[in-house]
Amino acid sequence: MDSVKRMIREYDTYIFDLDGTLLDTLTDLAASCNYALQQHGMAQRTIDEVRMFVGNGVKKLMERAIPDGLANPQFDEVYQCFRQHYLKHGLDHTAPYPGVLPMLAELKRRNKKIAVVSNKFYMATEELCKHFFDQYVEVAIGEREGIKKKPAPDTVLEALAQLGVTGDNAVYIGDSDVDIATANNCQLPCISVLWGFRDKDFLLRSGATTLISAPEELLV
């Protein structure tokens with residue numbers, strides 16, 4: 001950690017990624033992925049493979065998981081099978097990472113603005129945030145038609161607009177290279193978490209400048 005520049009300070013607005021940052025969703029994502037693959041006679045993927053497939057939205061996850069990706073004539077059918085299964089089973093094993101709920105509660109107590117911006121499809125993002133974080137998260141935005149997903153800045157800028165704030169004293173928190181790129185594209189500082197889907201070496205190679213190993217480190 002000594003080689004990583006640390007610039008943790010208190011902000012007015014906190015924009016969080018969801019999967020791998022606030023919620024451990026990996027088991028349910030892998031289960032729905034493998035259910036869809038199995039239903040269509042395709043080889044299942046290991047949990048570590050799925051871990052590296054996530055981060056760019058569920059369509060990209062399935063593009064990476066399905067043999068030949070988008071070129072596979074069954075792609076749309078398998079992808080829709082995944083979506084339908086995940087909407088029914090996305091809460092089977094998913095839970096907040098240890099320390100996340102107390103961290104959000106303390107940010108809320110300090111009257112901070114809190115939003116979630118995810119590349120997960122919109123309905124799942126809203127349902128998960130409502131289920132786990134309803135009293136803390138004011139705005140939850142997922143992937144949908146008509147708006148560019150991360151790492152484009154569009155969804156983050158929409159979240160700031162819905163919160164009624166600018167990015168002048170805001171920070172972005174995530175667990176992946178996509179999150180680092182998103183923050184850069186929004187001209188926001190980025191805090192990368194070490195408990196998510198990517199390890200320290202990967203994050204450093206992706207340009208991470210500030211790393212934390214526990215949610216309470218956000219509370220300065």
* Mind checking whether V165 and D12 have side chains closer than 4.5 Å, heavy atoms only? -> no
* For T166, side-chain hydrogen bond (donor to acceptor under 3.5 Å, both in side chains) partners two or more places apart -> D168
* Please examine the side chains of L204 and L211, heavy atoms only from C-beta on, and report whether any two atoms are closer than 4.5 Å. => yes
* **Matching residue for I15 among L163, V116, V139 - test: side-chain contact (heavy atoms from CB on, under 4.5 Å)** => L163
* Calculate, to the nearest 0.5 Å, the distance between atoms CG and CZ belonging to L37 and F82 respectively. => 10.0 Å
* Could you list all the side chain to side chain donor-acceptor pair (under 3.5 Å) pairs where at least one residue sits in residues 187-197, not counting sequence neighbours? => none
* Structure fact -> So CZ of F132 and OG1 of T94: to nearest 0.5 Å the spacing works out to 6.0 Å
* With the side chain counted from C-beta on, respond yes when V58 and Y79 share a heavy-atom pair under 4.5 Å apart, and no when they do not. => yes
* To do: Go through the structure and list residues passing side-chain hydrogen bond (donor to acceptor under 3.5 Å, both in side chains) with K59, not counting sequence neighbours.
  => none
* **hydrophobic_cluster_shared for L128 and V117, side chain cutoff 4.5 Å** => no
* **salt bridge (charged side-chain N to carboxylate O under 4.0 Å, His left out) pairs, two or more places apart, involving residues 70-89** => none
* **Interatomic distance, I212 atom CD1 to L194 atom CG [nearest 0.5 angstrom]** => 8.0 Å
* Asked: Applying side chain to side chain donor-acceptor pair (under 3.5 Å), which residue pairs with at least one partner in residues 129-148 are found, sequence neighbours left out?
  -> R144-E158
* Asked: With a 4.5 Å heavy-atom cut-off, do V193 and F16 have their side chains touching?
  -> no
* Look at the side chain of D28 and the backbone N and O of H93, then say whether any donor-acceptor pair between them is shorter than 3.5 Å. => yes
* Where does the angle between the aromatic ring planes of Y11 and Y14 fall among parallel (under 30°), tilted (30 to 60°) and perpendicular (over 60°)? -> perpendicular
* Return yes when atom CE of M123 has more than 12 non-hydrogen atoms of other residues, nucleotides or ligands closer than 6.0 Å, and no otherwise. => no
* Structure fact -> Hits for side chain to side chain contact (heavy atoms under 4.5 Å, CB included) against P67, two or more places apart or cross-chain, chain-then-number order -> M42, N72
* Search all heavy atoms of D17 against all heavy atoms of L22 and return the closest pair with its distance. => O-CG, 3.7 Å
* Report yes or no: do V156 and I141 belong to one cluster of Ile/Leu/Val/Met/Phe/Trp/Tyr joined by side chain heavy-atom distances under 4.5 Å? => yes
* Sequence neighbours excluded, every pair satisfying ring-ring contact (aromatic ring centres under 6.0 Å, His included) that has a member inside residues 26-55 -> Y35-H85
* **Which residues share a side chain to side chain contact (heavy atoms under 4.5 Å, CB included) with A170, sequence neighbours left out** => T13, L160, L188
* Taking R51 for the side chain and R198 for the main chain, is one N or O donor matched with an acceptor at less than 3.5 Å? -> no
* Sub-4.5 Å side-chain heavy-atom contact between Q74 and I66 -> no
* Asked: Is L157 reachable from V137 through a run of I, L, V, M, F, W or Y residues, each pair having side-chain heavy atoms under 4.5 Å apart?
  -> no
* Asked: Any side-chain heavy atom of T210 within less than 4.5 Å of one from E217?
  -> no
* Asked: Hey, any chance V100 and L23 share a hydrophobic cluster, counting ILVMFWY side chains that come within less than 4.5 Å of each other, even indirectly?
  -> yes
* Structure fact -> So side chain to side chain donor-acceptor pair (under 3.5 Å) across residues 108-127, not counting sequence neighbours, yields E10-K112, D19-K120, Y86-K120, E106-R109, E106-R110
* Structure fact -> For D48, the side-chain hydrogen bond (donor to acceptor under 3.5 Å, both in side chains) test, sequence neighbours excluded, returns none
Under 3.5 Å, which donor-acceptor pairs link side chains of residues 171-185 to any protein atom two or more places apart or in another chain?
from : atom 1 : to   : atom 2 : distance (Å)
Y172 : OH     : K150 : NZ     : 2.8
Y172 : OH     : D179 : OD1    : 2.6
D175 : OD1    : T21  : OG1    : 3.4
D175 : OD2    : F197 : N      : 2.9
S176 : OG     : V178 : N      : 3.2
S176 : OG     : D179 : N      : 3.2
S176 : OG     : D179 : OD2    : 3.0
D179 : OD1    : K150 : NZ     : 3.2
D179 : OD2    : D175 : N      : 2.9
D179 : OD2    : S176 : N      : 3.2
T182 : OG1    : V178 : O      : 2.7
N184 : ND2    : I180 : O      : 3.3
N185 : ND2    : P151 : O      : 2.7
N185 : ND2    : A181 : O      : 3.2

* Could you give the distance from CG (L203) to SG (C190), rounded to the nearest 0.5 Å? -> 8.5 Å
* Where the side chain of D24 meets the backbone of A95, is there a donor-acceptor pair that is under 3.5 Å apart? -> no
